[in-house]
Number of protein chains: 2
Amino acid sequence: MDITPVTRSAVSDVVFGQLVAEILSGRLTPGDALPGERELAERFEVNRHAVREALKRVQQAGLVRISQGGKTRVLDWRGHAGLDTLSQLAAAGALTPLEILRDISEMRRSVAADAARLCAERASDDQIGIVLAAAQAYPIDSSAIADTFAPDLDFWTAVIEGSGNIAYRLGLNTLVAGFTEIGWQTVVDLGLGEEYVDRDAHQHLARLIADRDADGAQRLAADLLGRTVARIAAHL
Amino acid sequence: MDITPVTRSAVSDVVFGQLVAEILSGRLTPGDALPGERELAERFEVNRHAVREALKRVQQAGLVRISQGGKTRVLDWRGHAGLDTLSQLAAAGALTPLEILRDISEMRRSVAADAARLCAERASDDQIGIVLAAAQAYPIDSSAIADTFAPDLDFWTAVIEGSGNIAYRLGLNTLVAGFTEIGWQTVVDLGLGEEYVDRDAHQHLARLIADRDADGAQRLAADLLGRTVARIAAHL
DNA sequence: TCCAGGTAACTGGTCCAACCAGTTGACCTC
DNA sequence: GAGGTCAACTGGTTGGACCAGTTACCTGGA
């Protein structure tokens, strides 16, 4: 049997999720006015406070504009939502998992390639050491693809830390969150795991970075991650 | 005189801002337990609901882990916060505005360059038309640099829309938000406006995209935005 | 007829107070 | 000392009241 920890989600989380889904799915279009908090509370059969907590978060996500006295109106999420909304897009079904997967991998490609370049240019010796160690920790056997996700993430985290770019660091977190939302299983099912088992390529990349070969590191990183992009594109 | 609309910020927003600042500034370190909601409410001199609304948002930002029955603990924001937290970093003073500006412009460079390539490869004719129009709308005179931000944003938004990558689209929103948080004035003061007045380069880029010259578009975009990166780096 | 002004009925914002539901640790028993 | 028990925390949820803006309608005077 496959026992999973019980997840009891808070009421406001459920309300939040439903509101976000309504907006991202297009059932609520920009400019639409949401029902009042009191009515929402009645319809969701929860207390108004829970609705308020949820609405505040929807606002923070950039999906609605709340104004005291006036009605809460839906915003155009393409123009107002932040990258963190990416992981909600899959859940809301606004895009297919494959589309989101492609976009994530494309962004990962350009960001990680640039991070590899920057890492080679300006990482401290300590940071380079971590990159080399992460490359060493890369698994050798290709049998259990799912188990290579963690080492792979460690490796790229080290590279991005070495780049010293905090936007890349935070962006990585967001992309991973979106990736997780889709589920690793989908990735495995699509046979997209090849990149994760190319231990030689990652070790080579680490060596290029350690040698301060910025151009070479960027090229190799772009090539390495580009394979995944191409493989996903083939499925679309 | 310079009249500014009165901004009345909600109580929970203030609490949210203070909590985020405490964490991002490092005054609260990962693993630390926050005071209980009741105590926070007492110290902020607000109702507990306001504290709860704020805490829920801090959790959504990935800065704390809330668990019923247990205490709310601070997370390592470098490893858990999403890109949307970027704009808070400036306000919290965790990094200098110049550092954040550099990181934003670096990310913009690699994302926009890739978007230019993708746009040339797969944008629809309608989308290409919008890019060309946005390039046409680029201002000619270089006197009022601040007025060129909007057309510049329109241009790159068109390019990214043409790329069809939703992650890039949302990422742009987040980067612009971070940029706005720092303030355009800082940018102008640093003399970083040159890129925004290079009308010829943007028109050239639009033409390359329209001609479906993916490599050329990527190169020019990277070069164009790379100038700003270099100019900021010179200040560090 | 038209429009300025007021007003009533909304909207979201804040607060108080109570109770439910998990977690933790001290304490008591065996 | 090992184990179980329970009280005292923690966050989660609810109800209701009231404050504070916005909106639309309605009225009375020009």
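These numbers come from a predicted model, not from an experiment. Throughout, protein chains are lettered first and strands after them, A, B, ... in sequence-line order, and every chain is numbered starting at 1.
Between A:Ala50 and B:Arg38, it is B:Arg38 whose nearest contact on DNA chain D lies nearer the 5' terminus. Annotation: of the two residues near DNA chain C, A:Lys56 and B:Gly69, the 5′-most nearest-nucleotide partner is A:Lys56. Positionally, the nearest nucleotide of DNA chain D for A:Ala10 lies more toward the 5' end than for the other of A:Lys71 and A:Ala10.
Following rounding to the nearest Å, A:Leu40 (CG) and C:dG12 (C1') show an atom-to-atom distance of 12 Å. Straight-line distance from the CG atom of B:Leu19 to the P atom of D:dG11: 12 Å, rounded to whole Å. Rounded to whole Å, atom C1' of D:dG11 lies 12 Å from atom CG of B:Leu34. In this entry the distance linking CD of A:Glu37 with C1' of C:dC10 reads 13 Å, nearest Å. For the pair A:Glu53 CD and C:dC15 P, the interatomic distance rounds to 15 Å; values are reported in whole Å. When the C1' atom of D:dC9 is taken as reference, atom CD of B:Glu39 falls 13 Å away, rounded to whole Å. With rounding to whole Å, B:Gln68 atom CD is found 6 Å from D:dG12 atom P. Residue B:Arg73 contributes atom CZ, which lies 17 Å from atom P of D:dC9 at whole-angstrom precision.
A side-chain donor from one of B:Asp114 and B:Tyr168 sits under 3.5 Å from a side-chain acceptor of the other.
Note on B:Ser67: every side-chain N or O is 4.0 Å or more away from OP1 and OP2 of D:dG11. For C:dG13, neither phosphate oxygen OP1 nor OP2 lies less than 4.0 angstrom from any side-chain nitrogen or oxygen of B:Ser12. The side chain of A:Asn47 places no N or O atom within less than 4.0 Å of a non-bridging phosphate oxygen (OP1 or OP2) of D:dT13.
We find that B:Arg78 and A:Glu161 are joined by a salt bridge, their nearest charged nitrogen and carboxylate oxygen being less than 4.0 Å apart. Under the 4.0 Å criterion applied to side-chain N and carboxylate O atoms, B:Arg65 and B:Asp76 are not assigned as salt-bridge partners.
With values rounded to the nearest 0.5 angstrom, A:Asp103 atom CG is found 7.5 Å from B:Ser163 atom OG.
Side-chain N/O atoms of B:His49 and base N/O atoms of D:dT14 include a donor-acceptor pair closer than 3.5 Å. No donor-acceptor contact under 3.5 Å links the side chain of A:Arg52 to the base of C:dG12. Taking only distance into account, the side chain of A:Arg48 never meets the base of D:dG16 through a donor-acceptor pair shorter than 3.5 Å.
Using the six-membered ring where Trp is involved, B:His202 and B:Tyr138 have ring planes that are parallel, under 30° apart on the 30 and 60° scheme.
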